[in-house]
Every structure is written in C-alpha cells, then in structure tokens.
Undergrad: 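My questions will all concern the structure given below.
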Amino acid sequence: MSDFLSRTLDRVKPSPTIMISAKAAELKAAGRDVIALSAGEPDFDTPDNIKAAAKAAIDAGKTKYTAPDGITELKRAVCSKFKRDNGLDYTPDQVSISSGGKQVLYNALMATLNPGDEVVIPAPYWVSYPDMVLLAGGTPVVADTSIQTGFKLTADQLEAAITPKTKWLIFNSPSNPSGAGYSAVELKELTDVLLRHPHVWVMTDDMYEHLAYGDFKFCTPAEVEPKLYERTLTVNGVSKAYAMTGWRIGYAAGPKHLIGAMRKIQSQSTSNPSSVSQWAAVEALNGAQDYIETSRPVFQDRRDLVVDMLNKAEGITCPTPDGAFYVYPSIADCIGKTTRKGVEITSDEVFATELLEEEGVAVVFGAAFGLSPNFRVSYATSSEELTDACTRIQNFCARLK
Ligand SMILES: Cc1ncc(COP(=O)(O)O)c(C=O)c1O
C-alpha cells in the first residue's frame with residue numbers, strides 16, 4: 001500500500017500543534033479534566049459587523065466563483081490597509097487573496113522554489129515553514145536564535161545562514177511561537193544584511209501585527225527598508241487580527257510577476273477562497289477597527305499573568321514577549337529531574353507529555369518549533385483557565401526531583 005502514496009509525504013510530518021490539540025480534545029471527551037493551551041487562535045467571537053457583512057453577502061447572492069485570487073473589492077481593501085497601517089503603496093494587481101495566510105505562504109513557495117533552493121528560517125519557527133519549503137522542493141536552512149537575544153535573529157546569524165543558493169528569508173514578527181517582536185532598529189540591522197545580498201528575497205509573515213503590547217511598535221521589512229520593496233512579499237491575514245480563523249482569508253502584496261505566479265498555482269489547485277468570507281474580510285479591513293483595540297489589552301493582561309506565574313514555577317524561565325498570544329519559556333533547569341512517577345525529563349517533549357499526563361495541561365513542546373528545551377503556551381483563553389493551568393504547571397514543577 002505504501003507504494004500507492006506519493007514520496008512527497010516522506011518529506012513532511014503532520015502539524016504537531018494540531019496533533020496535540022486533537023490529543024487534548026480526545027482526553028477531554030474521555031472525561032479527563034484537561035486545559036488546552038495549545039491552540040493558536042483567539043478565543044473571542046468574530047465581531048458582529050463582520051458577521052453581518054457575510055450574511056448580507058449571502059442574501060445578495062454573492063455565492064458564486066470569484067476571480068481565482070480574490071475579488072477586486074477585497075484587493076482594494078488590502079491596499080488601503082497596507083497604506084493605513086504600514087505606509088506601503090500597492091495596487092490591486094500586486095495583491096493575492098487565498099484561503100488563509102497558510103495558503104499564501106504555500107503558494108509563494110510553490111511558485112518560486114526549485115530543487116536546491118534554500119530558505120532561511122529563524123528558529124523557533126512556526127511549525128509549517130520548514131515542511132512547506134520541503135513540500136515545495138526547497139531546502140530549509142534553520143538559523144537558531146537564543147533566549148539571550150529574546151529569540152531574535154541577529155545580523156551576524158543571518159549573514160552566516162545566507163549562501164549563493166538562498167532564495168528567501170522567512171521573517172515572522174511578532175513570532176509564533178516566541179512572541180518576539182523586532183523593533184525598527186533591530187529589523188533595519190537585518191534588512192542591511194539583505195541589501196548586501198541582492199539575490200535574497202524576504203517573505204514577511206505579519207499575521208500577528210495587531211497583537212503588539214506595551215511600548216513595542218510593529219514594523220515590516222518593506223516599510224523599514226524601502227529598497228527591499230521589489231523583493232518583499234508582505235503576508236498578512238484576518239485570522240488572528242479579527243478572530244476569523246475559520247473563515248480562511250489571508251492576503252499578500254508584492255511584485256506583480258510573483259503575484260501572477262501565485263495566481264497560476266492557486267487557479268489550478270483551489271481557485272478562489274470562499275466568496276462569502278472574502279466579503280466578510282472586506283468589512284474586517286474597511287469597517288470599524290474597535291475589536292483590535294478592545295482585545296489587545298485583554299491579551300496583554302493575560303500575557304502578564306502567564307509570565308508572572310510561570311516564572312514562579314521551579315525550573316522555568318519565561319521571558320516577557322512583545323506580541324502575539326504565546327510565551328516560550330525555557331525548561332533548561334528541569335532537564336535531568338524526575339517526575340513523581342519516576343520519569344526522567346530528558347527533553348521538552350517528555351516534559352509536555354508528562355505535564356499532560358499528570359496535570360491535564362496541554363502545551364506544545366519546543367522541538368516542534370525547532371528550538372529546545374522550551375514549550376509554547378498559547379494564552380488565548382480566559383484568565384481563570386490560565387490561572388488554573390499555570391497553578392498546575394507550578395505544582396508539576398514543584399514535584400520534580
Ligand atoms: C505565524 C503564522 N503564520 C501563518 C498562520 C496561518 O494563519 P491562517 O492560515 O489562519 O491565516 C499562522 C496560524 O497559526 C501563524 O501562526
């Protein structure tokens with residue numbers, strides 16, 4: 001039977017975050033008291049104005065195929081968004097709309113990678129980047145960051161990762177899984193390196209743009225270094241910004257020839273993203289933006305709660321991130337210790353497995369994101385649940401010997 005399946009499958013693994021969330025759901029269904037801190041989606045409902053726009057689109061019969069890479073109205077809304085939030089000028093023919101940011105990134109890699117092409121991916125990374133690169137026939141080149149630099153890539157590390165075969169740098173700020181956000185100064189140090197390597201393009205995943213806390217100010221490569229405009233694909237979406245994960249709308253803007261190549265891939269695979277979702281996204285981008293402002297302080301309070309409680313857990317060090325809704329604590333001081341049941345914590349995967357087993361808290365182990373020994377907590381859930389979960393983590397750690 002294995003002969004029947006494509007060898008492409010040998011190159012990729014299933015998403016560990018989806019697997020862990022499924023495992024937590026399974027335990028819950030079996031009656032276990034489980035708190036899942038593994039999902040990467042806001043716990044808020046989609047705002048009413050957006051839902052109303054979708055209902056109106058259905059009633060108006062906007063339920064047919066659209067242009068394969070999106071309706072002009074949404075492309076125009078994307079152009080306005082880039083101008084308003086990022087000071088970037090794009091025209092609708094420089095914009096591509098897909099079923100989520102995930103498909104945008106996938107299309108771009110499929111449209112550009114040839115065997116041997118390298119893609120620099122700073123670790124810890126969003127789980128899908130390396131696998132998407134592999135699916136598209138390229139070679140991921142992982143550049144490790146460290147907790148000392150706040151999980152941010154330095155100019156020297158970027159310089160060292162670039163070879164004549166490098167095609168892309170995938171850049172993600174604020175980051176999933178670390179929450180790290182690059183200031184304009186830090187980002188400029190990276191774009192200066194890219195200016196010295198004209199063959200390298202940057203695919204910037206700005207999905208968590210609006211989830212930025214305290215003094216941190218979001219910025220994006222083409223804004224910080226306009227000379228990179230011609231070799232930047234700026235990717236964003238409505239999933240995280242407007243609590244619209246299930247609607248599946250992501251978008252990107254970049255050079256016309258790249259957008260055209262991505263359109264070609266999409267037109268022969270999925271064609272247009274849901275027409276109704278596209279109209280909802282028009283309202284998300286053009287309508288009132290108050291959801292962003294009301295949800296941000298809630299997330300920030302939760303971040304502070306989680307960071308504070310995790311730092312009180314024995315053996316855990318948790319930096320305070322600038323954005324997104326994740327923290328990425330280190331468990332370096334837990335390695336080598338033994339659980340109540342006598343299991344030695346040899347890795348972050350063992351830590352996460354035993355934590356789920358003993359305390360019913362589901363987190364994602366750091367190896368899934370390419371940097372250990374850490375784990376990711378998603379704090380997109382209520383303060384009550386977070387307090388309960390962090391107390392359980394403290395109890396788990398206190399019992400380690
Ligand atoms: C960094 C990052 N990029 C892209 C995505 C994809 O988002 P979507 O496909 O829902 O737009 C996610 C979702 O978890 C993410 O965390």
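As the structure lists them, so they are numbered: ligands from 1, and atoms in each ligand from 1.
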Undergrad: For atom 13 (C) of ligand 1, which candidate among Lys102, Met207, Lys240 provides the closest heavy atom?
TA: Lys240

Undergrad: Within the 4.5 Å heavy-atom criterion, are Lys81 and Glu209 side-chain neighbours or not?
TA: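 Contact flag for Lys81/Glu209 side chains = yes.
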
Undergrad: Nearest heavy atom to atom 16 (O) of ligand 1 wins, so pick from Tyr208, Tyr326, Trp247.
TA: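 Among Tyr208, Tyr326, Trp247, the closest heavy atom to atom 16 (O) of ligand 1 belongs to Tyr208.
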
Undergrad: Does any N or O in the side chain of Arg303 come within less than 3.5 Å of the main-chain N or O of Pro321, such that one atom is a donor and the other an acceptor?
TA: yes

Undergrad: Among all protein non-hydrogen atoms, which one is nearest to atom 9 (O) of ligand 1, and what is the separation to 0.1 Å?
TA: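 Minimum-distance protein heavy atom for atom 9 (O) of ligand 1 reads Arg248 NH2, 2.7 Å.
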
Undergrad: Taking the six-membered ring of Phe299, is NZ or CZ of Arg296 closer than 6.0 Å to its centre and within 45° of its axis?
TA: no

Undergrad: Using ring-ring contact (aromatic ring centres under 6.0 Å, His included) as the criterion, list what pairs up with Trp247, not counting sequence neighbours.
TA: none

Undergrad: Before signing off on this row, confirm whether Asn172 and ligand 1 have an N or O atom pair separated by under 3.5 Å.
TA: no

Undergrad: Which atoms of ligand 1 are found less than 4.0 Å from any heavy atom of Ser239?
TA: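 Atoms satisfying the 4.0 Å criterion: 8 (P), 10 (O), 11 (O).
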
Undergrad: Looking only at side-chain N and O atoms, does Ser96 offer a donor or acceptor that is under 3.5 Å from a partner on Gln266?
TA: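 Distance-only check fails for Gln266 and Ser96.
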
Undergrad: Mark up the atoms of ligand 1 that fall under 4.0 Å of a heavy atom belonging to Tyr129, in ascending order.
TA: 1 (C)

Undergrad: Answer with yes or no whether Gly237 contacts ligand 1, where contact means a heavy atom under 4.0 Å from a ligand atom.
TA: no

Undergrad: Any luck finding a side-chain donor-acceptor pair between Gln94 and Thr91 under 3.5 Å?
TA: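 Result is yes, a qualifying pair exists.
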
Undergrad: With atoms numbered from 1 as shown, which atoms in ligand 1 lie under 4.0 angstrom from a non-hydrogen atom of Asp205?
TA: 1 (C), 2 (C), 3 (N), 4 (C)

Undergrad: Any heavy-atom pair between the side chains of Glu118 and Thr166 that's under 4.5 Å?
TA: yes

Undergrad: Does the N or O separation between Gly100 and ligand 1 drop below 3.5 Å for any pair?
TA: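 No, no N or O pair falls under 3.5 Å.
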
Undergrad: Nearest protein heavy atom to atom 11 (O) of ligand 1, by residue and atom, and its distance?
TA: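 Minimum-distance protein heavy atom for atom 11 (O) of ligand 1 reads Gly101 N, 2.6 Å.
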
